[in-house]
Amino acid sequence: MATVKVDMEKLVSLCRRRGFIFQSSEIYGGINGFWDYGPLGVELKKNIKDAWWQDMVRNPPPGPEGQEITMVGLDCAIIMNPKVWEASGHVGGFSDPMVDCKESKKRYRADQLEVLEGHPEILPLLYYAYTSNDQDLLRGALKKAEKAARAAGKKLAGTPVGQAFMNVAQEASRLAQVVGPDVEVPGTLTEPRAFNLMFESYAGAIQSEENKVYLRPETAQGMFVNFRNVLDSSRVKLPFGIAQIGKAFRNEINPRNYTFRSREFEQMEIEFFCNPNESMKWYEYWRDLRKKWYSTLGIQSENLKPREQGKEELAHYSIGTTDIEYMFPFSEEPQELEGVAHRGAFDLTAHMTKSGKDLSYFDEEAWNGDAAGRKTNSFKEWLKTNPPKEEIAKYQYTPHVIEPSAGADRFTLAVLCEAYSEDKVPDAKGNLEERLVMKFHPRLAPVKAAILPLVKKEGMPEKAQELYRELKKHFKVEYDDGGAIGRRYRRQDEIGTPFCITIDGDTLKDNTVTIRDRDTCQQRRVPMGDVLGEIRKALE
RNA sequence: GCGGGCGUAACUCAGUGGUAGAGUGCCACGUUGCCAACGUGGUUGUCGUGGGUUCAAAUCCCAUCGCCCGCUCCA
C-alpha cells in the first residue's frame, strides 16, 4: 500500500491543539531542543513505556532455545560520579573540536584537517589546509601551494608533507597563515572549538572544577556500574538483562525535526549480559525481537528499516550494531529509533580498569558441574595450581553485553506519525466529509474509550455516568455529553480513541449500548456488562 | 555556528503607518435520537520579546528569542 507522506506541519499543529506536545517554556519564547508532553501526550508516552517494561522486563518472550530469560529493572541517578564518564570515554571522546571558516562558512572537524607547508622562502610562510578524507581538497591545496611558488619564481621541492592542523593552530600567529580548504586567502579559519555534548553542573556549594558533574548522556552507564550490585543482591545468573527507562541529556549543536533530536530525552535501555561464547546468538535474538516489537505496536513494516551498520560505521568498541530505523515524514532517509549493539566486554572492562573493582562473572554452576576429577572444590585453591587461561575462562570471565537502546520520545514521535491519517466518511446527508483520525494501536491510545449519552435527557447522562465510573477503574476513559453526537465522534477520532460507547434510548429499555470502532465507524450493540471485556480484549 | 524563510486568537490565516480581523475551535442555553447538524448568546490577543524612528508602529529600523529549510554536526 502506497502511503501518503504525513504533513509534519499538520501533525505538529494537531499535537499542540489537542494537547499532545507543547514547546517547553513557551510563554517565555520557548527553548530550543526541549519539549513538554501535554495531557494526551503524557498518556501516550506512558503507554509506550509501560508496554516496553511489560514486554521486555516483566514478561519477555522465550530465548533462542525456548528458555525463560531473566530481566531485572533499575532506576539510576541522573548525576553520577564524573569518573563514570571518564571510564566510558564520554569526557575525553564525546567532544569533537570544530573549525569554522569565516569566508566559506564551511565547518570542519579539527582532527580531520591537515596542512601542506608552502615554499619555505616565500614569506610569510603559508600553510594550505585540506581534510584527510577528501582527495580533491588535497589536490586543491597542492595546486594553491604550487601556484604561489611559481608566482614567486620558485619551485616546490618534491611533494610537500602534510601535518596536523591542530599543531599549527596552537599559535594564533601561525593560525593566521593557514589558507582554508575552500578559500584562497589565509586567516579565515577559527581556532578549534570544542563542542562538548554533555551538560555540566556543579554538585555542592562551590562551583569549582572539583565539584563538576555531568547530566548523563545515556542511561547505560548506570547499569554497568551497578552490575556487581545487581549480581550480589538479586540471585540472578548469566545470562540476564538489566533494564532502565530514564532521561538522558545531550547538548546537541543543532536540535531538529520536532522532538526527534532533543537535548533532553528519555531512553529505554537494556544491557543484556552473557557468556562471550553465546553473545552472537543473543545479539541476533535481541535484534529480531526488538524489530518485531515495533511491528506488534502498529508500525507498518515498510516504514521500519533494520540496518546492520557497516564496519567503518561501527563505534570502536562494537562488534556489531543494527539500527532499527523509521521512515519519518520529515526525511528522505530512515532515522534511528533504536540501536541494538553488541558491545563486547568494552564497558565492564573499562569500569574494572578505572575503578579497580572486579566486575567479572564467576559461573558457579559450570564450576560445580565439572567437580569430578578435580582435587579441590575451591576455585581460589584451584587457581593456585596455575591452570591454563582457557580453563579459567570457562568459569570466570568478563561478560559480553548486548545493548538494545531505544528512544522513548523518538518512538512516541514515530507512533504519532504512523497514526496520523486523513480519510473520508459520509456525513448525515451521505456526503463524504474529510476526517482526521489518529489510528493508534489500542494499547498505546491515550484514551481507550469515550462514553457518550446520545442526548442529554431521559436519564441517558445518568446511565452513561454509571458506565464511565465503572470503566475508569480500569482504563483511561472520557465522558462527554457536549454537543451533537457526530461532533463528539470526530473529536474522539482526532485523539485516536479506539472505541466510542453510546448510551441511547434502547439502553434504558434493555441495558445494551453501541460500541463504535474508530477506524471503520461501524457500530455493534452489546450488553452494557460486556463493555469492559470488549475493551480488554482489544488491548491484548 | 553559517545562509535563507517565517513568527498576528487554541488552530489555519488576512491585515504595508491611522479603532485588532475572518473561518474553525471552545463555552452556555435551547433544539436534536447516531457521524464536524441548527438557532441564539458568549469566549479568546504582551501582533514572539526588547529597544528605536514617528503625532501615531502588527506594519519602518536595530537587536534578541523561537520555529522551518539548507550547510555543518549527530561518540
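So you know, we letter chains A, B, ... as the sequences are listed, proteins then strands, and number each from 1. Note that the coordinates shown come from a computational prediction; the quantities given were computed from them, not determined experimentally.
For the P atoms, the distance from B:C62 to B:U53 is 15 Å, rounded to whole Å. Rounded to the nearest Å, the gap between the C1' atom of B:A63 and that of B:U24 is 36 Å. Going from the P atom of B:G15 to that of B:A22 covers 15 Å, rounded to whole Å. The C1' atoms of B:G18 and B:U54 are separated by 12 Å, rounded to the nearest whole Å. Atom C1' of B:C13 sits at a distance of 23 Å from the matching atom of B:G4, rounded to the whole Å.
When the ring-ring contact (aromatic ring centres under 6.0 Å, His included) test is applied to A:Tyr326, the partners found at least two apart in sequence or on another chain are A:Phe328. Residues passing the ring-ring contact (aromatic ring centres under 6.0 Å, His included) test with A:Tyr294, sequence neighbours excluded: A:Phe411.
Distance, A:Glu9 CD to B:C6 P: 14 Å, rounded to whole Å. The CG atom of A:Asp480 sits 13 Å away from the C1' atom of B:C27 (whole-angstrom rounding). Rounded to a whole Å, the CZ atom of A:Arg256 is 10 Å from the C1' atom of B:C67. B:C67 atom C1' lies 14 Å from atom CD1 of A:Ile31, rounded to whole Å. Taking atom OH on A:Tyr258 and atom C1' on B:C69, their separation rounds to 18 Å, with Å as the unit. Between A:Asp481 atom CG and B:A28 atom C1' the separation is 13 Å, expressed in whole Å. The separation between A:Phe260 atom CZ and B:C68 atom C1' is 17 Å, rounded to whole Å.
Taking the charged nitrogens against the carboxylate oxygens, A:Glu478 and A:Arg491 have no contact shorter than 4.0 Å, which rules out a salt bridge. Checked for salt-bridge contact, A:Lys537 and A:Asp530 miss the test: no charged N lies under 4.0 Å from a carboxylate O. A salt bridge does not link A:Arg490 with A:Glu433: none of the charged nitrogens is closer than 4.0 Å to a carboxylate oxygen. Salt bridge annotation for A:Glu434-A:Lys424: present, with a cationic side-chain nitrogen under 4.0 angstrom from a carboxylate oxygen.
Residue pairs that meet the side-chain hydrogen bond (donor to acceptor under 3.5 Å, both in side chains) test with at least one member in residues 453-465 of chain A, sequence neighbours left out, are A:Lys463-A:Asn511.
The base-pairing partner of B:C2, taking Watson-Crick or G-U wobble contacts with both distances under 3.5 Å, is B:G70. Nucleotide B:A37: unpaired (no Watson-Crick or G-U wobble partner with both distances less than 3.5 Å). For B:C47, there is no paired base (Watson-Crick or G-U wobble, both distances below 3.5 Å). Of the nucleotides present, B:C55 is the one that pairs with B:G18 by Watson-Crick or G-U wobble criteria, both distances under 3.5 Å.
When heavy atoms are screened at a 4.0 angstrom cut-off, A:Gly339 is found touching no nucleic acid atom at all. Nucleic acid contact for A:Phe34: none, since no nucleic acid atom lies under 4.0 Å from a heavy atom of the residue. No engagement by A:Asn251 is indicated, since no non-hydrogen atom pair under 4.0 Å with the nucleic acid exists.
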Practice prompt. Classify every nucleotide of nucleotides 32-40 of chain B by which part a protein heavy atom approaches to under 4.0 Å, writing B for the base, S for the sugar-phosphate alone and - for neither, in 5'-to-3' order.
Written response: BBBBBB---

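No more than 12 heavy-atom neighbours from other residues, nucleotides or ligands sit within 6.0 angstrom of NZ on A:Lys83.
A cation-pi arrangement, defined by a distance under 6.0 Å to the six-membered ring centre and an angle within 45 degrees of its axis, is present between A:Arg410 and A:Phe260.
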Below 3.5 Å is the cut-off: list the nitrogen or oxygen pairs between protein and nucleotides 41-49 of chain B, distance only.
{"from": "B:U46", "atom 1": "O4", "to": "A:Ile27", "atom 2": "O", "distance (Å)": "3.1"}

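Under 4.0 angstrom from either OP1 or OP2 of B:C65 there lies no side-chain N or O belonging to A:Asn32. Distances shown here put every side-chain N or O of A:Asn257 at or beyond 4.0 Å from the OP1 or OP2 atom of B:C68. Of the side-chain N and O atoms in A:Arg16, one or more sit less than 4.0 angstrom from OP1 or OP2 of B:C11.
Ring geometry for A:Phe273 versus A:Phe227: interplanar angle of 30 to 60°, hence tilted.
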Would you tabulate the side-chain donor-acceptor contacts of residues 33-43 of chain A under 3.5 Å, counting partners in other chains and residues two or more places apart, or write 'none'?
{"from": "A:Trp35", "atom 1": "NE1", "to": "A:Tyr258", "atom 2": "O", "distance (Å)": "3.3"}
{"from": "A:Tyr37", "atom 1": "OH", "to": "A:Asp409", "atom 2": "OD2", "distance (Å)": "2.7"}

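The glycosidic torsion of B:G23 lies more than 90° away from 0, which places this base in the anti conformation.
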